[in-house]
Protein chains: 2
Amino acid sequence: MKIGDLARRTGLSAHTIRYYERIGLLPRAPRDASRQRGYDASILTWIAFLGRLRTTGMPIRDMLRYTHLRERGPGTLDERRILLEAHRAKVRAHLAELQDCLAVLDTKIAGYAGPDTVEMDNDATTDQRTRAVREGLARPLRD
Amino acid sequence: MKIGDLARRTGLSAHTIRYYERIGLLPRAPRDASRQRGYDASILTWIAFLGRLRTTGMPIRDMLRYTHLRERGPGTLDERRILLEAHRAKVRAHLAELQDCLAVLDTKIAGYAGPDTVEMDNDATTDQRTRAVREGLARPLRD
DNA sequence: CTACGGGTTCGAGCGCGCTCTAAGTCAAGC
DNA sequence: GCTTGACTTAGAGCGCGCTCGAACCCGTAG
């Protein structure tokens, strides 16, 4: 598989793939007679995994740490697990935070849609009234 | 309230608060006799709301759009609602994606922890053996 | 033979969201 | 009066993760 094919199959650009190789996220691909990279299908799973790490907000420097541990072989399993566990904790925390923000957003949007409107400056996150609204103690306001 | 107090109370730096004012996310604060900004407690709720938008990944340019609509008054309520609804949809999608990634991460960590550590195919430059393992032709190795 | 659509390298540039520097003003405390 | 420290401005700089440009090399189709 050439770099263009890989790009199409991963959604990364060829530029990005070369960049990942340059910084060490991807192993140096073997070149053919005209110095072009040739990829094995196995790279797809690794790229997909990197994608998960990226999606969950892992900085490249941490992906590199993981990658380098992996290259050092089975002696680094514990370290890798620890690294992933730490990352998982961050992802969970972020998830919780997002869910919280989403609840606020829901409340606010519900306020906009409310049948009765009092024009007030209430662009708050969780002020008294918003909390009351969420608990069904008051009707939403628009702002 | 002066900018330093506001910084302490919001977790933003004074630099960032000035920056937000400069770009229009925060209204121009009234200055005192020595040109220093004086804040009213009401700014806290607005900053908290901006924080929610930021946490949920809204780019500054969209926060600006919202801010400007808000400044134009009640005639923009519909537009604001639409903007927030669109944002909410993105947040929900992102949340789902994160949950999916988290599940993968859980599986992978479980793989590392097991007494028989199974070679997971998302952590591999999938070599011959790994492919064989996947097809049940060989026993798993640690990598 | 030539044009074209890939690929290669190296290094510069970009968009984002801050973050900091420099040079100055001001008010309070010793 | 002097020091300290928080504030002011305009504007430069930074870290991240790409993204692109320039100049060149190949192999194949017309």
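Each chain gets a letter, A, B and so on, in the order the sequences are listed, and its residues count up from 1.
- Partner B/Tyr39 forms a side chain to side chain contact (heavy atoms under 4.5 Å, CB included) with one of B/Leu44, B/Thr10, B/Ile17 and no other, that one being B/Ile17.
- Separating the CD1 atom of A/Ile3 from the P atom of D/dC25 is a distance of 19 Å, rounded to the nearest angstrom.
- Annotation for B/Thr76 and B/Leu69: closest pair OG1-O, 2.7 Å, computed over non-hydrogen atoms.
- Atom C1' of nucleotide C/dG7 and atom CG of A/Asp5 are separated by 11 Å, given to the nearest angstrom.
- Residue B/Arg31 places no side-chain N or O under 4.0 Å from the OP1 or OP2 atom of D/dC7.
- Between B/Tyr112 and A/Tyr66, the two ring planes are perpendicular [angle over 60°; tilted spans 30° to 60°].
- Here A/Arg37 does not reach the OP1 or OP2 of C/dG6: none of its side-chain N or O atoms lies under 4.0 Å away.
- Separating the NZ atom of A/Lys2 from the C1' atom of D/dC25 is a distance of 12 Å, rounded to the nearest angstrom.
- Side-chain contact between B/Leu95 and A/Gln99: present, with at least one pair of heavy atoms (C-beta onward) separated by less than 4.5 Å.
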Output side-chain donor-acceptor pairs under 3.5 Å for residues 20-27 of chain B, partner residues at least two apart or in another chain, one line each.
from	atom 1	to	atom 2	distance (Å)
B/Glu21	OE1	B/Ala29	N	3.4
B/Glu21	OE1	B/Arg37	NE	3.0
B/Glu21	OE2	B/Arg31	NH2	2.2

Side chain to side chain contact (heavy atoms under 4.5 Å, CB included) evaluation trace for B/Arg52 with A/Leu105: CA-CA 8 Å; B/Arg52 301 280 185 171; A/Leu105 215 45; over 6 Å; no
Distances under 3.5 Å between protein N/O atoms and the N/O atoms of nucleotides 14-16 of chain C, please, pair by pair.
from	atom 1	to	atom 2	distance (Å)
C/dC16	OP1	B/Arg61	NH2	2.6

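- Closest approach of B/Ala14 and B/Ala7 over heavy atoms only: N-CB, 3.8 Å.
- Of all heavy-atom pairs spanning B/Arg88 and A/Leu102, the tightest one is CG-CD1, 3.6 Å.
- With rounding to whole Å, A/Arg8 atom CZ is found 13 Å from C/dG5 atom P.
- For A/Leu12 and D/dT19, the CG to C1' distance is 13 Å, given to the nearest whole Å.
- A rotation axis mapping the C1' atoms of four pairs onto the next four is fitted at both ends of the helix from C/dC1-D/dG30 to C/dC30-D/dG1 over five pairs, and the angle between these axes is 20° to 10 degrees.
- Between the CD1 atom of B/Ile17 and the P atom of D/dT9 there is a distance of 13 Å, given to the nearest Å.
- Hydrophobic clustering (ILVMFWY, side-chain heavy atoms < 4.5 Å, transitive): A/Leu84 and A/Leu64 are in one cluster.
- Across all non-hydrogen atoms, the minimal contact from B/Asp106 to A/Arg92 is OD1-NH2, 3.4 Å.
- The only option from B/Arg81, B/Arg80, B/Glu79 that meets the side chain to side chain contact (heavy atoms under 4.5 Å, CB included) definition with B/Leu77 turns out to be B/Arg80.
- The environment of B/Arg65 atom CZ is sparse: at most 12 non-hydrogen atoms of other residues, nucleotides or ligands sit within 6.0 angstrom.
- A heavy-atom distance below 4.0 Å to DNA chain D is reached by these residues of residues 18-30 of chain B, ordered by number: B/Arg18, B/Arg22.
- Pairs engaging residues 5-14 of chain A under the salt bridge (Lys or Arg N to Asp or Glu O under 4.0 Å) rule: A/Asp5-A/Arg8 [sequence neighbours left out].
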Protein-to-nucleotide contact annotation, 5' to 3' order, nucleotides 22-30 of chain C [B base; S sugar-phosphate only; - none; under 4.0 Å, heavy atom]: ----SS---
